[in-house]
Amino acid sequence: MKRYTLLSVFVPVLILAPLGFADLPPAKDPLRQPAILLPDVPAEWITMYRTAQKNPADLLRYLQEHVAFMSERKKKSFLVGSTTQSEKDQLSRRLYVLYLLGDVAGPDVIPSVEDFIARRMAQDDAMTHYDVAMAKLTIERIQLRTQGREVYISAMLD
């Protein structure tokens with residue numbers, strides 16, 4: 001008798017459970033911030049993106065500007081309190097250019113990026129190793145993209 005009672009209670013619950021879950025709102029993605037909290041994209045980044053779509057080699061001038069900027073700033077630290085907004089913009093610009101080059105540039109850009117690596121190694125300052133690592137990653141991404149989509153995707157997932 002107990003079995004029939006338990007069965008008569010739990011079977012309708014199991015049958016009606018999807019109806020209760022159907023009315024719930026979709027779960028929010030914990031990795032995405034609300035639109036109010038997202039920072040505005042700098043106008044210069046939009047220009048750089050459009051330039052990258054037309055001719056990625058034009059982005060190399062930003063790397064040359066970064067080398068000149070780092071030679072002026074030689075041996076100064078990049079601590080949070082000692083960095084001005086223009087210096088933060090320069091550092092983020094360099095990073096965005098390297099990301100864009102990795103996304104869209106062809107193998108013809110690799111010698112220029114290698115030249116950037118050599119010039120940064122010659123400067124040997126606080127940010128040299130980070131810049132060199134990011135530039136080498138950019139070269140690797142360009143080389144993997146030339147091997148094909150599947151190779152690129154599997155390497156990026158690894």
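Predicted, not measured: the structure shown is a model, and the values here were computed from it.
Minimum interatomic distance between Pro107 and Thr146 (heavy atoms only, all atoms of both residues): CG-CG2, 3.6 Å. When every heavy atom of Val132 is checked against every heavy atom of Met121, the shortest pair comes out as CG2-SD, 3.5 Å.
Distance check: Ser154 OG to Arg149 CZ gives 11.5 Å after rounding to the nearest 0.5 Å. One distance of note links CD of Glu44 with CZ of Arg93; it measures 4.0 Å at 0.5 Å rounding. Asp131 contributes atom CG, which lies 8.0 Å from atom CG of Leu91 (distance to the nearest 0.5 angstrom). Rounding to the nearest 0.5 angstrom, the gap separating the CE atom in Met156 from the CD atom in Glu140 is 5.5 Å.
When each of Met70, Gln85, His66 is paired with Gln90, the side chain to side chain contact (heavy atoms under 4.5 Å, CB included) condition holds for His66 and for no other.
Proximity of a side-chain donor or acceptor of Arg145 to a complementary backbone N or O of Gly102 within less than 3.5 Å is detected.
Residues Val104 and Val113 fall into different hydrophobic clusters, defined by Ile, Leu, Val, Met, Phe, Trp and Tyr side chains chained together at heavy-atom separations under 4.5 Å. Both Ile46 and Leu98 are members of a single hydrophobic cluster when ILVMFWY side chains are connected at heavy-atom separations under 4.5 Å. Hydrophobic clustering, with ILVMFWY side chains joined whenever heavy atoms are under 4.5 angstrom apart, keeps Leu137 apart from Leu144. If you chain together hydrophobic residues whose side chains sit under 4.5 Å apart, Leu95 and Ile142 fall into the same group. Ile139 and Val151 fall into different hydrophobic clusters, where Ile, Leu, Val, Met, Phe, Trp and Tyr are joined by side-chain heavy atoms under 4.5 Å apart, directly or via other members.
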Enumerate, atom names and distances included, each donor-acceptor pair closer than 3.5 Å involving a side-chain atom of residues 58-65, sequence neighbours excluded.
from, atom 1, to, atom 2, distance (Å)
Asp58, OD1, Asn55, ND2, 3.3
Arg61, NH1, Glu65, OE2, 3.3

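Annotation: Tyr152, atom OH; neighbour count of heavy atoms from other residues, nucleotides and ligands within 6.0 Å is above 12.
Applying the ring pair (Phe, Tyr, Trp, His ring centres under 6.0 Å) test to pairs two or more places apart or on separate chains, those with a residue in residues 86-132 are Trp45-Tyr96.
Between the side chains of Thr128 and Asp125, at least one donor N or O lies within less than 3.5 Å of an accepting N or O.
When hydrophobic side chains of Ile, Leu, Val, Met, Phe, Trp and Tyr are connected at separations under 4.5 Å, Ile153 ends up clustered with Leu157.
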Apply side chain to side chain contact (heavy atoms under 4.5 Å, CB included) to Arg120 and Met134, showing your working. CA-CA 12 Å; Arg120 287 295 291 132; Met134 289 304 299; over 6 Å; no
